[in-house]
S.K.: 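Quick one: structure below, then a few questions.
Each residue takes its place number in the sequence, starting with 1. Keep in mind the model is a prediction, meaning the values are calculated, not measured.
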Amino acid sequence: MELTVLNPGFEYMIEGIMAFQTEDTSAFWSEPLYHIYPQLDKKYADSLSFPDRKKYMEEVLKNVYVDLESALNEKVARYSKHWEEYRDQITGALSEAFDLDCSSLFNDMQCNISMNPIEPRFLEERTFDVFYQNSERRAIGTAIHEMIHFVWFYVWNRTFCDSYEEYESPSMKWILSEMVVESVMKDPRLSSINPYFPREEGGCIYPYFFDMKADGKLILETLDEMYHNQGIVDFMKNSYAYCIQHEQEIREHIKRSEQ
């Protein structure tokens, strides 16, 4: 497994930021930007059409980028060095988790350092964003989370022969993939280098999953039991069937949590 860390430039960053500033984006995703950059006037931005909002944010944040550029480039070197220290450890853990030799796979992964506090990932391109304020340790925690997705859907796609278009939000396949990260992350080779683990440190998955229940039992507990007692392919099949069975409860819980 190989990971290239880059500063992708301001144009890339502003496009990523605006993807979470559309009219139909919930506050859960859109508001963190204003906490990070008090230079932005939320009330004014909300009054603008989307094209004008983009122009306004681009003007304000471009100045921020200019001031940050040298620091961003320093982060590239620091994140890269930290990845190299733990590459073999992470590769071994993921190979075992997915019953797959990852050492010769996933050599095209890319980490983009970004001003965007939301950290999207792009499965087919095997790229993901990391917020520039992260330390090296927090960056590697985010990286492991995304790598779990890359390997999960590689195995999933080989097994079910479906489309990568089905793996994004709000599909149940995406929701399941987000929930199972915690079970994979429990491997000491991963959890020991992830500062988001355990939950008391913030958690390595969306916190609204923690108290989600079905049939009176925490869903994450059910999934974790399945993960540790089944082979990876059987787990994928059975965990997805379980999620489909309880889709209404899952979706209602997420909707309430994001409001």
Side-chain angles (χ1 to χ4, degrees), residues 6-69 72 110-134 142 145-146 149 153 162-179 181 202-212 243-244 247-259:
L6 295 173
N7 172 1
F10 179 72
E11 292 304 319
Y12 174 92
M13 295 181 197
I14 194 65
E15 291 299 326
I17 286 169
M18 296 311 300
F20 296 93
Q21 297 299 322
T22 63
E23 300 296 342
D24 57 351
T25 302
S26 72
F28 181 86
W29 300 105
S30 63
E31 289 197 357
L33 186 75
Y34 297 97
H35 297 292
I36 299 297
Y37 304 108
Q39 303 95 322
L40 292 170
D41 184 328
K42 182 178 185 302
K43 184 177 181 179
Y44 175 67
D46 287 345
S47 72
L48 301 173
S49 66
F50 182 77
D52 287 340
R53 187 182 308 136
K54 179 180 180 182
K55 182 178 179 181
Y56 165 64
M57 290 187 169
E58 195 167 13
E59 290 174 351
V60 173
L61 295 177
K62 177 66 174 183
N63 293 326
V64 179
Y65 175 83
V66 170
D67 292 338
L68 285 175
E69 189 169 13
L72 294 171
Q110 180 172 309
C111 169
N112 295 311
I113 294 178
S114 179
M115 293 169 58
N116 188 1
I118 308 300
E119 301 173 317
R121 56 107 176 99
F122 306 94
L123 283 170
E124 288 189 277
E125 295 83 358
R126 292 180 186 161
T127 67
F128 59 93
D129 293 359
V130 170
F131 184 44
Y132 82 94
Q133 290 187 8
N134 281 316
T142 298
H145 178 113
E146 302 306 344
H149 286 311
F153 281 117
D162 48 9
S163 170
Y164 268 76
E165 294 178 358
E166 300 177 45
Y167 304 160
E168 301 297 346
S169 176
S171 78
M172 189 56 59
K173 294 176 184 179
W174 173 82
I175 294 172
L176 172 62
S177 76
E178 293 293 341
M179 290 193 287
V181 165
C204 60
I205 59 176
Y206 296 121
Y208 54 62
F209 290 135
F210 296 156
D211 61 348
M212 188 164 58
C243 287
I244 292 298
E247 182 170 3
Q248 182 176 350
E249 300 103 296
I250 291 171
R251 292 196 180 279
E252 288 179 353
H253 181 91
I254 293 173
K255 184 177 179 180
R256 288 194 303 271
S257 300
E258 289 190 347
Q259 287 177 342

S.K.: Any idea which heavy atoms bring C111 and V130 closest together, and the distance?
M.R.: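 That closest heavy-atom pairing would be SG-CG2, 3.5 Å.
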S.K.: Within the 4.5 Å heavy-atom criterion, are D162 and K173 side-chain neighbours or not?
M.R.: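 Side chain of D162 against side chain of K173, heavy atoms only: contact under 4.5 Å found.
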S.K.: Should we say atom CD of E125 is surrounded by more than 12 heavy atoms from elsewhere, each under 6.0 Å from it?
M.R.: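 Check passes, neighbour count above 12.
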S.K.: Can you tell me how far apart CD (Q21) and CZ (F50) are? Round to the nearest 0.5 Å.
M.R.: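 CZ of F50 is found 8.5 Å from CD of Q21.
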S.K.: What pairs with E23 under salt bridge (charged side-chain N to carboxylate O under 4.0 Å, His left out), at least two apart in sequence or on another chain?
M.R.: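 R53.
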S.K.: Might you work through the side chain to side chain contact (heavy atoms under 4.5 Å, CB included) test for E249 and M212, ending with a clear yes or no?
M.R.: CA-CA 8 Å; E249 300 103 296; M212 188 164 58; over 6 Å; no
S.K.: Who are the side chain to side chain contact (heavy atoms under 4.5 Å, CB included) partners of P120, not counting sequence neighbours?
M.R.: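 P120 satisfies side chain to side chain contact (heavy atoms under 4.5 Å, CB included) with F20, N116, F122, D129 only.
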S.K.: Kindly compute the distance separating CD (E168) from OG (S163), expressed to the nearest 0.5 Å.
M.R.: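 Atom-to-atom, E168:CD and S163:OG are 10.0 Å apart.
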S.K.: Determine, stepwise, if the pair S177 / Y167 fulfils side chain to side chain contact (heavy atoms under 4.5 Å, CB included).
M.R.: CA-CA 8 Å; S177 76; Y167 304 160; over 6 Å; no
S.K.: Got a salt bridge between E15 and K54, using NZ or NE/NH1/NH2 to carboxylate O under 4.0 Å?
M.R.: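 Answer for the salt bridge query: yes.
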S.K.: Give me the atom names and distance for the closest heavy-atom approach of C243 to I250.
M.R.: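 That would be O-CD1, 3.8 Å.
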S.K.: Evaluate side chain to side chain contact (heavy atoms under 4.5 Å, CB included) for M18 paired with I14, printing each intermediate quantity in order.
M.R.: CA-CA 6 Å; M18 296 311 300; I14 194 65; 4.3 Å; yes
S.K.: Can you see which heavy atom on L123 is nearest to which on R121, and at what distance?
M.R.: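 In this case the closest contact between L123 and R121 is CG-NH1, 3.6 Å.
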S.K.: Using modelled atom types and a 3.5 Å cut-off, is there a donor and acceptor pairing between side-chain atoms of H145 and backbone atoms of I205?
M.R.: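 No; zero donor-acceptor contacts below 3.5 Å.
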S.K.: Output yes when a side-chain donor or acceptor of Y37 lies under 3.5 Å from a complementary backbone atom of M115, and no otherwise.
M.R.: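 Yes: the side chain of Y37 pairs with the backbone of M115.
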S.K.: With a 4.5 Å limit on heavy-atom distance, are the side chains of Y34 and D46 in contact?
M.R.: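 Yes - at least one pair of side-chain heavy atoms lies under 4.5 Å apart.
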S.K.: Can you find a pair of side-chain heavy atoms, one from E11 and one from E58, that are under 4.5 Å apart?
M.R.: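 In short, these two side chains touch, coming nearer than 4.5 Å.
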S.K.: Is there a donor-acceptor contact under 3.5 Å from the side chain of S171 to the main chain of E166?
M.R.: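 Yes, because the side chain of S171 sits within donor-acceptor range (under 3.5 Å) of the backbone of E166.
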S.K.: When you measure from the side chain of E146 to the backbone N and O of T127, does any donor-acceptor pair fall under 3.5 Å?
M.R.: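 Looks like no, no N/O pair under 3.5 Å.
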S.K.: Is any side-chain heavy atom of E69 closer than 4.5 Å to a side-chain heavy atom of N7?
M.R.: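 Heavy-atom side-chain distance check passes, below 4.5 Å.
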S.K.: For a quick check under 3.5 Å, do N134 and E119 share a side-chain donor-acceptor pair by atom type?
M.R.: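 The criterion, which ignores hydrogens and geometry beyond distance, is satisfied for E119 and N134.
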S.K.: For F28 and Y208, take the angle between the two ring planes, folded into 0 to 90°, and tell me which bin it lands in: parallel under 30, tilted 30 to 60, perpendicular over 60.
M.R.: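 Ring orientation, 0 to 90° scale: tilted.
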S.K.: For L6 and P8, work out which heavy atoms get closest and say how close.
M.R.: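 Taking L6 first and P8 second, the nearest heavy atoms are O-CD, 3.4 Å.
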S.K.: With sequence neighbours excluded, tell me which residues meet ring-ring contact (aromatic ring centres under 6.0 Å, His included) with Y65.
M.R.: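 ring-ring contact (aromatic ring centres under 6.0 Å, His included) check on Y65 returns F10.
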S.K.: Is there side-chain contact between M13 and L61, with heavy atoms separated by less than 4.5 Å?
M.R.: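 M13 vs L61: side chains apart.
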S.K.: Cut-off 3.5 Å, side chains only: do S114 and N112 have a donor facing an acceptor?
M.R.: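 Not at all, the side chains of S114 and N112 share no donor-acceptor pair under 3.5 Å.
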S.K.: So which heavy atom on P32 is nearest to which on W29, and how close?
M.R.: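 Heavy atoms of P32 and W29 come nearest at CD-O, 3.5 Å.
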S.K.: Determine, step by step, whether I36 and F131 satisfy the side chain to side chain contact (heavy atoms under 4.5 Å, CB included) criterion, reporting the C-alpha distance in whole Å, the side-chain angles of both residues, the deciding distance to 0.1 Å, and the verdict.
M.R.: CA-CA 11 Å; I36 299 297; F131 184 44; 3.6 Å; yes
S.K.: Roughly how far apart are E258 CD and T25 OG1, rounded to 0.5 Å?
M.R.: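 Reported value, rounded in 0.5 Å steps: 10.5 Å.
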S.K.: Please report the closest heavy-atom contact between P170 and I175, naming both atoms and the distance.
M.R.: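 In terms of heavy atoms, the two residues are closest at O-CD1, 3.9 Å.
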S.K.: Counting N and O atoms only, with roles assigned by atom type, does the side chain of Y56 sit under 3.5 Å from a partner on the main chain of D41, one being a donor and the other an acceptor?
M.R.: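 Checking the backbone N and O of D41 against the side chain of Y56, a donor-acceptor pair under 3.5 Å is found.
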